[in-house]
Amino acid sequence: MNPSTDLLERPMRDLRISVTDRCNFRCRYCMPKEIFGDDYAFMHGSELLSFDEMERLVRLFVGLGVRKVRLTGGEPLLRRGLPELISRIAAIAEVEDIGLTTNGLLLGAQAKPLYDVGLRRLNISLDSLHPRRFGYMNGRGIKPEQILKRIDYAQSIGYTIKINMVVQKGLNDVDIVPMADYFCKRGITLRFIEFMDVGNDNGWQQRYVVPEKTILQQLRTRYALEPVDPHHYGEVARYYRYAGTGTEIGFISSVSDSFCSSCTRARLSSEGKLYTCLFATEGYDLRSLMRRGADDVFLLQAIKRVWEHRLDRYSDERSEADPAQQTRQGKINMSYIGG
């Protein structure tokens with residue numbers, strides 16, 4: 001079957017799978033503890049996609065053009081038996097790249113088993129090197145040293161690592177240069193992510209966004225930075241290289257400079273719903289189809305139909321709207337759909 005394209009001629013190349021809706025952090029821009037408290041009702045095990053179901057869906061998605069798979073959450077390292085799932089996905093010949101997004105806290109025990117079955121790339125979230133600020137932002141008082149130790153360990157094993165820092169004005173924007181200093185010295189790519197209005201529980205307001213242009217101006221007072229050509233079509237980040245080094249720094253700027261026009265990502269929620277945008281309000285229930293006995297031909301056509309009717313370009317539309325206009329309500333939370 002030929003690769004699928006949507007109504008804006010965007011191919012399907014990337015599949016992001018949320019393997020759990022649970023997380024051991026309570027980051028304020030994702031799962032604020034005031035809403036996701038100790039009594040919050042997460043999904044029961046039977047509601048989650050099984051590894052058999054995930055593997056089956058990955059095989060169908062590669063038939064429509066997917067070549068990259070990323071496992072997310074919640075915190076994906078909370079899902080038991082994750083090396084088995086990685087091993088299964090790695091055995092699918094058409095899958096060229098497998099990645100995992102994590103807060104890093106559980107990497108001490110899991111980095112080596114995951115590497116041994118084929119995982120090679122990690123995106124690790126870290127928003128500050130300052131103990132008080134980071135503890136406040138993760139909502140659990142976790143110290144950055146705990147994550148930095150695990151980053152060092154994962155790097156020693158052989159992982160390619162990118163660090164994701166969500167920047168919020170008045171909170172951790174003072175950490176921009178210190179974070180760049182730290183990871184530049186270690187040859188690790190740091191990516192600055194603009195605070196996004198994913199979901200409706202994170203208190204997003206435009207005034208808390210630190211745009212790429214502002215961050216870049218700060219960095220250029222200290223570093224000579226050279227633009228880097230995109231590594232592939234549909235890349236979400238814009239990269240620069242520290243002059244005279246092979247180390248890069250990136251920007252994910254969906255608020256100030258959206259990249260909807262080249263978005264190639266499909267998303268599966270923990271309970272098996274297909275979403276065609278990070279800012280979606282509803283998904284297509286593939287789990288129910290599978291559990292009612294739909295065969296692969298039927299499922300493949302259902303996925304193809306959803307993608308080929310896709311028109312999502314939320315970040316573009318937000319940028320084009322009157323700044324005073326409210327953002328779309330009812331968006332799915334990032335902890336549910338995956339980052």
Side-chain angles (χ1 to χ4, degrees), residues 1-21 48-51 53-74 76 85-86 88-90 92 94-101 121 123 196 198-199 232-237 252 254 258-290 294 296-316 328 331-339:
M1 183 175 290
N2 293 328
S4 287
T5 56
D6 65 13
L7 291 173
L8 299 177
E9 298 299 318
R10 297 170 294 188
M12 183 195 296
R13 294 283 298 173
D14 304 80
L15 177 63
R16 302 196 172 189
I17 305 174
S18 175
V19 298
T20 179
D21 61 330
L48 300 174
L49 284 179
S50 69
F51 288 173
E53 290 168 330
M54 289 183 200
E55 180 186 358
R56 182 184 179 191
L57 287 173
V58 171
R59 291 184 181 277
L60 293 174
F61 274 93
V62 298
L64 297 174
V66 163
R67 293 296 178 266
K68 297 175 63 178
V69 176
R70 172 164 294 279
L71 303 183
T72 70
L85 177 61
I86 296 286
R88 290 188 186 200
I89 295 172
I92 300 172
E94 296 90 343
V95 175
E96 299 170 357
D97 184 89
I98 306 171
L100 183 140
T101 298
R121 293 198 309 111
N123 286 4
M196 294 183 289
V198 181
H232 55 80
Y233 177 82
E235 187 161 48
V236 300
I252 299 177
S254 76
S258 67
F259 37 79
C260 295
S261 62
S262 60
C263 178
T264 61
R265 289 165 295 287
R267 290 177 165 82
L268 279 175
S269 71
S270 309
E271 62 179 341
K273 288 185 178 178
L274 169 59
Y275 291 87
T276 56
C277 181
L278 180 59
F279 302 95
T281 57
E282 58 184 29
Y284 186 84
D285 191 352
L286 296 175
R287 186 195 66 184
S288 292
L289 291 180
M290 287 190 289
D296 284 355
V297 172
F298 186 91
L299 282 169
L300 192 67
Q301 291 303 320
I303 296 167
K304 189 172 187 288
R305 186 167 57 251
V306 170
W307 188 264
E308 290 182 351
H309 285 83
R310 176 186 188 234
L311 268 174
D312 299 283
R313 47 186 295 273
Y314 172 75
S315 291
D316 281 351
R328 180 190 301 164
K331 299 187 298 296
I332 303 301
N333 284 318
M334 188 180 291
S335 59
Y336 173 85
I337 196 175

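- Asp296 has its side chain out of reach of Arg59: every pair of non-hydrogen atoms, C-beta onward, lies at least 4.5 Å apart.
- Taking the charged nitrogens against the carboxylate oxygens, Asp97 and Arg121 do have a contact shorter than 4.0 Å, which makes a salt bridge.
- Here OG1 of Thr276 is found 9.5 Å from CD of Glu282. Values are rounded to the nearest 0.5 Å.
- Remark: of the listed residues Leu85, Ile98, Ile92, Val66, Ile92 is the sole one forming a side chain to side chain contact (heavy atoms under 4.5 Å, CB included) with Val58.
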Inset, instruction - Evaluate the criterion side-chain contact (heavy atoms from CB on, under 4.5 Å) for residue pair Phe61 and Leu274; output intermediate values, then yes/no. - result: CA-CA 11 Å; Phe61 274 93; Leu274 169 59; 3.9 Å; yes

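- Shown here for Leu268 and Leu15, the closest heavy-atom pair between the two residues is CG-CD1, 4.2 Å.
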Legend entry - side-chain contact (heavy atoms from CB on, under 4.5 Å) between Met290 and Ser50, intermediate numbers included: CA-CA 11 Å; Met290 287 190 289; Ser50 69; over 6 Å; no

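- Distance CD1/Ile89 to CZ/Arg70: 12.0 Å, rounded to 0.5 Å.
- Taking CZ of Arg67 as the start and CG of Asp14 as the end, the distance is 11.5 Å to the nearest 0.5 Å.
- With a 4.5 Å cut-off on side-chain heavy atoms, Asp6 and Asp312 do not count as touching.
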Legend entry - side-chain contact (heavy atoms from CB on, under 4.5 Å) assessment of Val62 paired with Val69: CA-CA 10 Å; Val62 298; Val69 176; 5.7 Å; no

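- Listed here is the closest heavy atom pair of Pro76 and Thr101: CG-O, 2.9 Å.
- The CG atom of Leu311 lies 4.5 Å from the CG atom of Leu7; values are rounded to the nearest 0.5 Å.
- Nearest heavy-atom pair across Glu53 and Leu48 is OE1-O, 4.1 Å.
- Here the closest heavy-atom approach between residue Tyr233 and residue Thr264 is recorded as CE2-CG2, 3.7 Å.
- When all heavy atoms are compared, the tightest approach of Arg305 to Tyr284 is NH2-OH, 3.8 Å.
- Using a 4.5 Å cut-off on side-chain heavy atoms (C-beta onward), Leu299 and Arg56 make contact.
- Asp21 and Ser270 are not linked by any side-chain donor-acceptor pair at a separation below 3.5 angstrom, with hydrogens and angles left out of the test.
- In this structure, Arg16 CZ and Ser269 OG are separated by 15.0 Å, a value rounded to the nearest 0.5 Å.
- Leu57 places none of its side-chain heavy atoms less than 4.5 Å from the side chain of Ile17.
- Of all non-hydrogen atoms in Cys260 and Arg10, the two that sit nearest each other are O-NH1, 2.8 Å.
- In this structure, CD in Gln301 is found 8.5 Å from CG in Leu64, a value given to the nearest 0.5 Å.
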